[in-house]
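Below is one structure, written out as structure tokens, with a few remarks after it.
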Amino acid sequence: MAERRIGALVVTADGFLISRQDQIVASAAHYAVPAMYPLSQYVAAGGLMSYGANLRDAFLQTGNYVGRILKGAKPADLPVLQPTKLEFVINLLGLIVPPTLLALADEVIE
């Protein structure tokens, strides 16, 4: 990040990146690179902010989907599911965040 003079970082929801969540958050903090993450768990680990699917809601949707299949529905006949609840989480990290941005947040970590 320092070598390439990265000005900001947007992390995607990828299994490889999620498995290295702590390293990514620590690197962004070490090099003082503002970062946006796909899941609130990154923010809980010390990241700046996230916007993405609410995992609890996604898991509930998955369970309902599996239940339909177990009751006899053919997977090919079921619609493709997308997240129904997105969440925006901000970690203040001692920063001054504009009130208009804070008002949009579903959760603010102080």
Side-chain angles (χ1 to χ4, degrees):
M1 286 188 223
E3 255 180 47
R4 295 190 181 239
R5 297 182 182 154
I6 303 293
L9 181 66
V10 176
V11 178
T12 60
D14 174 88
F16 177 79
L17 297 175
I18 292 169
S19 72
R20 282 149 180 82
Q21 157 194 306
D22 292 334
Q23 292 170 289
I24 294 168
V25 169
S27 290
H30 176 76
Y31 294 109
V33 175
M36 182 77 172
Y37 300 101
L39 302 169
S40 62
Q41 67 193 45
Y42 284 90
V43 180
L48 178 59
M49 62 180 72
S50 68
Y51 182 72
N54 175 295
L55 286 183
R56 183 179 182 281
D57 186 60
F59 290 147
L60 287 172
Q61 272 190 306
T62 301
N64 290 333
Y65 208 75
V66 170
R68 290 173 68 182
I69 293 169
L70 292 174
K71 290 178 183 174
K74 293 181 183 176
D77 295 337
L78 295 175
V80 173
L81 295 178
Q82 293 185 340
T84 56
K85 183 176 180 188
L86 300 172
E87 61 184 358
F88 178 41
V89 181
I90 299 173
N91 187 344
L92 294 179
L93 298 171
L95 301 172
I96 298 171
V97 178
T100 52
L101 189 59
L102 290 174
L104 295 171
D106 296 299
E107 181 182 352
V108 176
I109 299 173
E110 295 187 40

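Of the listed residues (V10, L9, I6, L48), just one forms a side chain to side chain contact (heavy atoms under 4.5 Å, CB included) with P34, and that residue is L48.
No hydrogens or angles considered: nothing links the side chains of E107 and S40 as a donor-acceptor pair under 3.5 Å.
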Quiz prompt | Worked verdict on L17 versus Y37 for side-chain contact (heavy atoms from CB on, under 4.5 Å) | solution = CA-CA 10 Å; L17 297 175; Y37 300 101; over 6 Å; no
Practice problem: Evaluate the criterion side-chain contact (heavy atoms from CB on, under 4.5 Å) for residue pair L102 and L92; output intermediate values, then yes/no. | Solution: CA-CA 9 Å; L102 290 174; L92 294 179; 3.7 Å; yes
Practice problem: Evaluate side-chain contact (heavy atoms from CB on, under 4.5 Å) for Q41 paired with L55, printing each intermediate quantity in order. | Solution: CA-CA 9 Å; Q41 67 193 45; L55 286 183; 3.6 Å; yes
Practice problem: Apply side-chain contact (heavy atoms from CB on, under 4.5 Å) to F88 and L101, showing your working. | Solution: CA-CA 10 Å; F88 178 41; L101 189 59; 3.7 Å; yes
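Following chains of ILVMFWY side-chain contacts shorter than 4.5 Å, one cannot reach M36 starting from L39, and the two form parts of different hydrophobic clusters. Residues L104 and L93 are members of one and the same hydrophobic cluster, defined by side-chain heavy-atom contacts under 4.5 angstrom among Ile, Leu, Val, Met, Phe, Trp and Tyr.
Taking each heavy atom of Y51 and L86 in turn, the nearest pair found is OH-CD1, 3.3 Å. Closest of all the heavy-atom pairs between I109 and V89 is CD1-CG1, 4.1 Å. Considering every non-hydrogen atom in both G47 and V25, the closest pair reads N-CG1, 3.5 Å. M1 and S27 get closest at one heavy-atom pair: CE-CB, 3.5 Å. Of all heavy-atom pairs between T84 and Q61, the closest is CG2-NE2, 3.3 Å.
When side chains are defined from C-beta on, T12 does not count as touching P38, because their heavy atoms never get closer than 4.5 Å.
In this structure, Y65 places its OH atom where more than 12 heavy-atom neighbours from other residues, nucleotides or ligands lie under 6.0 Å away.
Considering NZ of K85 and CG of N54, their distance stands at 5.0 Å, rounded to 0.5 Å. Expressed to the nearest 0.5 Å, how far CD of E110 lies from CG of N91 amounts to 9.5 Å.
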